2 protein chains.
Amino acid sequence: MLSHFTVDCVIYTFHEAQLKILLTERNEYPYKGWWALPGFYVEKDEEMEDAVKRISYENTGLKDIYLEQLAAFAGVKRHPEGRILTVAYVALVRYDNVKNKVKPVTSYMKQAKWYPINHLPDLAFDHREIIQLSVEKLKKRLSYSLAPFELLPEKFTLTQFQQVYEALLGETLDKRNFRKKINNLGYLKELDEFQTGVSYRAARLYKLDRRKFQKLFE
Amino acid sequence: MLSHFTVDCVIYTFHEAQLKILLTERNEYPYKGWWALPGFYVEKDEEMEDAVKRISYENTGLKDIYLEQLAAFAGVKRHPEGRILTVAYVALVRYDNVKNKVKPVTSYMKQAKWYPINHLPDLAFDHREIIQLSVEKLKKRLSYSLAPFELLPEKFTLTQFQQVYEALLGETLDKRNFRKKINNLGYLKELDEFQTGVSYRAARLYKLDRRKFQKLFE
DNA sequence: ACAAAAGTGTTTAGTCTACACCCATGC
DNA sequence: GCATGGGTGTAGACTAAACACTTTTGT
């Protein structure tokens, strides 16, 4: 008897100075009408990483996104039909790449919507707990992973970069100290381009210097 | 159709200045005669945390040990009979508590034995990969978790404490700097007791000051 | 001219690193 | 008395934190 299980995706993005998670409104028993993480059964011969890619693609229209396993959840009572184990994954996407693509893809869900991590609706199953754990893990990774860059557009301002940190840490940071620190890290490349369309002084744009980042972490 | 899956335990201890992992010699198809992590199927109505406790108890004779989920492994080809998902857990135990208790408990295993993490035999399934991941994770947790204290006896010398760090980090540390650092942390309580049975100057014993440790991490 | 956010340095306190010798004990 | 690990301090480099004003741009 082989394993029968699901995967669920916690898909993050950064928009309007907030971290947001993609939720879908279920259109099927159980928890019909409730909001839930995008997720589904893994096929018999499908690697679970592929299942996650498939599901996140169906929900965001994006391939090749940053994915990482979070944990398995297998509470005997987590599913009303009996124990169904789920493996949760975290995905990070850029809002620009995704903003007009999010839509319900199958009849299983009515709609998909981005919710700020501080204002989530009631959630199906144990999805609240899954999200909670994912936030904590992301927080820890912040300063020694590419996570911030997967959430931001390719070219970003230092203020945006700082906002990602602030949103996850849940506290405000000193602008000068923050800039000094990232300057020391040395893996941000200063561009000769500036923000457009703002009614105040346009900020310089930066991007990640991948080569320097790699070196720093061997 | 409910989930059918296993749990596997990476059980660490610290002995002879080395980190060791408990392995069992399998006495059943598949991988009969191979060394493997202790693990087994989770019962239909059994929480997986309970299954891990059961399996680690059967193999070490200890209850209430430090347990933490590592990750789920679900490669389609990881098991010769077809995909069986496993959830790996990490457990840390004190060698003193366990040294005479380890034995084969069921007919499924011929024997159990501690192997230093640097000298592991060939392993069944994807267990090498599981161990690899667990070492990396433990390394990261080292300095902000109770992990070192779960591996050491309740009363330990500073040299033993340092050896735990060295074994996991895979490098030697400067004695003076190490002692200065842990002094600053301030959660080691100096005892008025000393090592016995050594043929050189007896080292002072220390133990964890749990109250101070808690405070440090809120 | 005003509103909004960009950008920019210095001082002080704390932490990290490198480094070598004497001490106590058991045999 | 010798072998073995136990135990100790200091100087220099680096990192972290606190803190406020001027500049640029669009309306």
Side-chain angles (χ1 to χ4, degrees), chain A residues 14-18 139-140 142-144 148 152-153 155-207 212-213 215-217, chain B residues 14-18 139-140 142-144 148 152-153 155-167 169-207 212 215-217:
Chain A
F14 177 74
H15 182 227
E16 294 169 336
Q18 291 183 305
K139 209 164 158 171
K140 284 181 190 155
L142 200 50
S143 50
Y144 52 89
L152 289 164
K155 302 172 182 181
F156 49 84
T157 68
L158 296 182
T159 298
Q160 288 176 315
F161 193 55
Q162 185 174 340
Q163 283 167 343
V164 170
Y165 278 74
E166 290 179 334
L168 259 174
L169 299 177
E171 57 182 316
T172 58
L173 302 172
D174 181 274
K175 189 169 33 160
R176 277 175 298 185
N177 289 340
F178 184 80
R179 285 169 187 226
K180 230 182 311 167
K181 184 186 294 184
I182 59 175
N183 236 321
N184 284 349
L185 296 175
Y187 51 70
L188 287 200
K189 212 184 307 189
E190 179 178 310
L191 303 176
D192 290 327
E193 297 174 58
F194 295 83
Q195 257 180 328
T196 53
V198 289
S199 72
Y200 45 81
R201 178 173 174 181
R204 183 181 290 275
L205 297 174
Y206 290 77
K207 68 180 206 183
K212 289 190 181 158
F213 186 91
K215 254 185 209 161
L216 208 56
F217 298 91
Chain B
F14 178 73
H15 182 227
E16 293 169 335
Q18 290 184 305
K139 210 164 161 174
K140 283 182 190 156
L142 201 49
S143 50
Y144 52 90
L152 289 164
K155 301 170 182 183
F156 49 84
T157 68
L158 295 182
T159 299
Q160 288 177 315
F161 193 55
Q162 185 174 339
Q163 282 167 345
V164 170
Y165 278 74
E166 290 178 337
L169 299 177
E171 57 182 317
T172 59
L173 303 172
D174 181 275
K175 190 167 32 157
R176 278 176 297 187
N177 291 338
F178 184 78
R179 287 170 186 225
K180 232 181 312 165
K181 186 186 294 188
I182 60 174
N183 237 320
N184 285 350
L185 297 176
Y187 51 69
L188 287 199
K189 211 185 308 192
E190 179 178 311
L191 303 176
D192 289 327
E193 297 172 60
F194 294 83
Q195 256 181 330
T196 56
V198 290
S199 71
Y200 45 81
R201 176 174 176 182
R204 183 181 289 277
L205 296 174
Y206 290 77
K207 68 178 203 183
K212 288 189 184 160
K215 254 184 212 162
L216 209 56
F217 298 92

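If you're wondering where the values come from, they're calculated on a predicted model, not measured in any experiment. The chains referred to below are lettered A, B, ... by the order of the sequence lines, with proteins before strands, and numbering in each begins at 1.
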Fill in the blank from the handout: The ring-ring contact (aromatic ring centres under 6.0 Å, His included) partners of B:Tyr206 (sequence neighbours excluded) come to none
Practice task
Scan side-chain atoms only and decide if B:Asn183 and B:Lys180 contain a donor-acceptor pair under the 3.5 Å cut-off.
Solution key: no
Exercise for the section: Mind telling me whether B:Phe156 and B:Phe161 have parallel, tilted or perpendicular rings, with 30° and 60° as the class edges? Expected result: parallel
Practice task
Taking the side chain as every heavy atom from C-beta outward, state whether B:Thr159 and B:Arg179 have any atom pair closer than 4.5 Å.
Solution key: yes
Problem - Closest non-hydrogen atom pair between A:Leu216 and A:Leu185, with its separation - result: CD2-O, 4.1 Å
Exercise for the section: Looking only at non-hydrogen atoms, find the nearest pair between B:Thr157 and B:Ala203 and report the distance. Expected result: CG2-CB, 3.8 Å
Completion exercise
Value for OH (A:Tyr165) from NZ (A:Lys181), rounded to nearest 0.5 Å, stands at 8.0 Å
Practice task
Give me the residues of residues 161-173 of chain A where at least one heavy atom lies under 4.0 Å from an atom of DNA chain C, by number, or none.
Solution key: none
Problem - Contacts of type salt bridge (charged side-chain N to carboxylate O under 4.0 Å, His left out), residue B:Arg204, not counting sequence neighbours - result: B:Glu190, B:Asp192
Exercise for the section: Report yes if the side chains of A:Gln162 and A:Asp174 come closer than 4.5 Å at any heavy-atom pair, otherwise no. Expected result: no
Completion exercise
So the contacted stretch of DNA chain D, first to last nucleotide with an atom under 4.0 Å from a non-hydrogen atom of chain B, runs from D:dT4 to D:dT10
Exercise for the section: Look at all strands and tell whether A:Thr157 reaches a base, only sugar-phosphate, or nothing, counting heavy atoms closer than 4.0 Å. Expected result: nothing
Handout entry: From CD1 (B:Ile182) to CG (B:Asn177), nearest 0.5 Å
Key = 11.5 Å
Practice task
Scan residues 174-185 of chain B against DNA chain C and write down, sorted by residue number, each residue with any heavy atom closer than 4.0 Å; if none is found, say none.
Solution key: B:Asp174, B:Arg176, B:Asn177, B:Lys180
Practice task
Heavy atoms only: give me the nearest B:Ala167-B:Ala17 pair and the separation to one decimal.
Solution key: CB-O, 4.5 Å
What are the atom names and distances for every N/O pair under 3.5 Å that joins the protein to nucleotides 24-27 of chain C?
residue, atom, partner, partner atom, Å
C:dG26, O4', B:Ser199, O, 3.3

Handout entry: Partner of B:Lys155 by side-chain hydrogen bond (donor to acceptor under 3.5 Å, both in side chains), out of B:Gln160, B:Gln195, B:Glu193
Key = B:Glu193
Practice task
Send over the distance from A:Phe194 CZ to C:dA6 P, rounded to a whole Å.
Solution key: 13 Å
Problem - Residue pair A:Gln163 / A:Phe14, side-chain heavy-atom distance below 4.5 Å - result: yes
